[in-house]
Amino acid sequence: MEHLKIASDNYVAFTFFIGTMAMMAASVFFFFELNNTSPKWRTSVLVSGLITFIAAVHYYYMRGYNLETGDSPTFFRYVDWILTVPLMCVEFYLITKKAGAKIGLLWKLIAASLVMLVTGYFGETIDRGNSVLWGVVSGGAYFYIAYLVWFGEVAKLAQTAGAQVAKATRILGWFVLVGWAIYPLGYILGTPGGLFGIQLVSDPAAASHAMDIVYNIADAINKIGFGLVIYALSRTSED
Ligand SMILES: *C/C=C(C)/C=C/C=C(C)/C=C/C1=C(C)CCCC1(C)C
C-alpha cells in the first residue's frame with residue numbers, strides 16, 4: 001500500500017483539504033445554531049447548513065480523488081454545484097417569500113443556474129473544442145441570475161420585504177456579482193483557449209491546477225459567506 005501524503009508545495013491538495021475542513025466546520029455551526037434561531041428563519045439557516053454540508057461531503061471525496069490521481073475532480077465538482085447552486089436560489093426565494101415571491105421565480109432562478117452549469121460542464125469536458133461558445137452561453141445565464149437579483153423580481157420584492165431583507169439581498173447580490181465571477185476566471189485558466197483563443201496557462205497540468213485552486217477559493221467564499229449573510233439576517237431582523 002502506498003501512503004499518500006500532501007507534499008508541502010502541493011497547493012491544490014492543500015486547498016481541497018482546507019476546503020473540506022471549512023465546509024465541515026460551517027455545517028456544524030449552522031446546524032447547531034438552528035436551536036436558537038427564530039422559527040421564521042429556521043428553514044433559511046437550515047438551507048445554509050445543507051449547502052455547506054453537501055459541499056463538505058463532495059470536498060472530502062474530491063480531496064481523496066485529487067490526492068490519489070493528481071487529476072481534477074471535474075465530474076464531482078459539477079455534481080456539487082448542481083446541488084448547491086439551486087439551493088442558493090432557494091435562499092433568495094425564502095427570504096423574499098413573505099414579500100410575495102411566487103414559486104415561478106424560484107423555477108426561473110433554478111432553470112438559469114442549471115443552464116449555467118450544464119453548459120459550463122460541456123465546455124470543460126465533452127466539447128472542449130468549443131469551450132468559448134459554451135462559456136459564453138453559461139455567462140449569459142449567469143448574467144440573467146445577477147440581473148434578477150440586482151434589478152429584477154428578487155430586487156423588487158426585497159425592497160418591500162423590510163430594511164433587513166433589502167440589505168441582506170444587496171450583500172448576497174455582491175456575492176453573485178463578484179464572488180461568482182471568480183468561477184469563469186477558473187474556467188478560463190483551466191480550459192484550452194478558454195479566453196477567446198488566448199491561452200493564459202500553457203502547460204495543461206499547471207492550467208488544471210490553477211483552475212482547481214481558483215474554484216476551491218471561490219467555493220469557500222461563496223458557500224460559507226452566503227450562509228453567514230443569511231445567518232446574520234436571522235439574528236438582526238426586527239419583524
Ligand atoms: C457553490 C458553488 C457555486 C456558487 C458555483 C457557481 C458557479 C458559477 C457561477 C459558474 C459559472 C461559469 C460561468 C459563468 C462561465 C464558465 C463556466 C462556469 C460554469 C464556470
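Counting starts at 1 for both ligands and their atoms, in listed order. Quick note: residue numbers are just sequence positions, from 1.
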[X] and ligand 1 - part of the residue with a heavy-atom distance under 4.0 Å:
X: Ile51; value: neither
X: Tyr78; value: side chain
X: Tyr215; value: side chain
X: Thr119; value: neither

>> Can you confirm if the NZ or CZ of Arg63 lies within 45° of the ring axis of Tyr59 and under 6.0 Å from the centre of its six-membered ring?
In response: no

Any donor-acceptor pair under 3.5 Å linking the side-chain atoms of [Y] with those of [X]?
X: Glu124; Y: Tyr187; value: no
X: Tyr183; Y: Asp219; value: yes
X: Asn35; Y: Arg42; value: no
X: Ser27; Y: Thr52; value: yes

Starting from [atom], which protein heavy atom do you reach first, and at what distance in Å?
atom: atom 10 (C) of ligand 1; value: Tyr183 CB, 3.5 Å
atom: atom 2 (C) of ligand 1; value: Lys223 NZ, 2.3 Å
atom: atom 14 (C) of ligand 1; value: Pro184 CG, 3.6 Å
atom: atom 15 (C) of ligand 1; value: Ser138 OG, 3.3 Å
atom: atom 16 (C) of ligand 1; value: Tyr187 CG, 3.5 Å
atom: atom 9 (C) of ligand 1; value: Met116 CE, 3.4 Å

> How long is the span from the CG atom in Leu228 to the CZ atom in Phe30, to the nearest 0.5 Å?
Replying inline: 4.5 Å

Give the numbers and elements of all ligand 1 atoms closer than 4.0 Å to a heavy atom of [X].
X: Thr84; answer: 1 (C)
X: Trp81; answer: 2 (C)
X: Trp180; answer: 4 (C), 9 (C)
X: Tyr142; answer: 14 (C)
X: Met88; answer: 4 (C)

>> If the contact criterion is a heavy-atom separation under 4.0 Å, does Phe143 count as touching ligand 1?
In response: no

> Below 4.0 Å from any atom of ligand 1, is there a heavy atom belonging to Glu124?
Replying inline: no

> Should the ring pair Phe226 and Phe92 be called parallel, tilted or perpendicular, given that the plane angle runs from 0 to 90° and is split at 30 and 60?
Replying inline: perpendicular

> Can you say whether the rings of Trp174 and Trp150 are parallel (under 30°), tilted (30 to 60°) or perpendicular (over 60°)?
Replying inline: perpendicular

> Using 4.0 Å as the upper bound for N to carboxylate O, is an ion pair formed by Glu33 and Arg235?
Replying inline: yes

> OH of Tyr147: more than 12 outside heavy atoms within 6.0 angstrom?
Replying inline: no

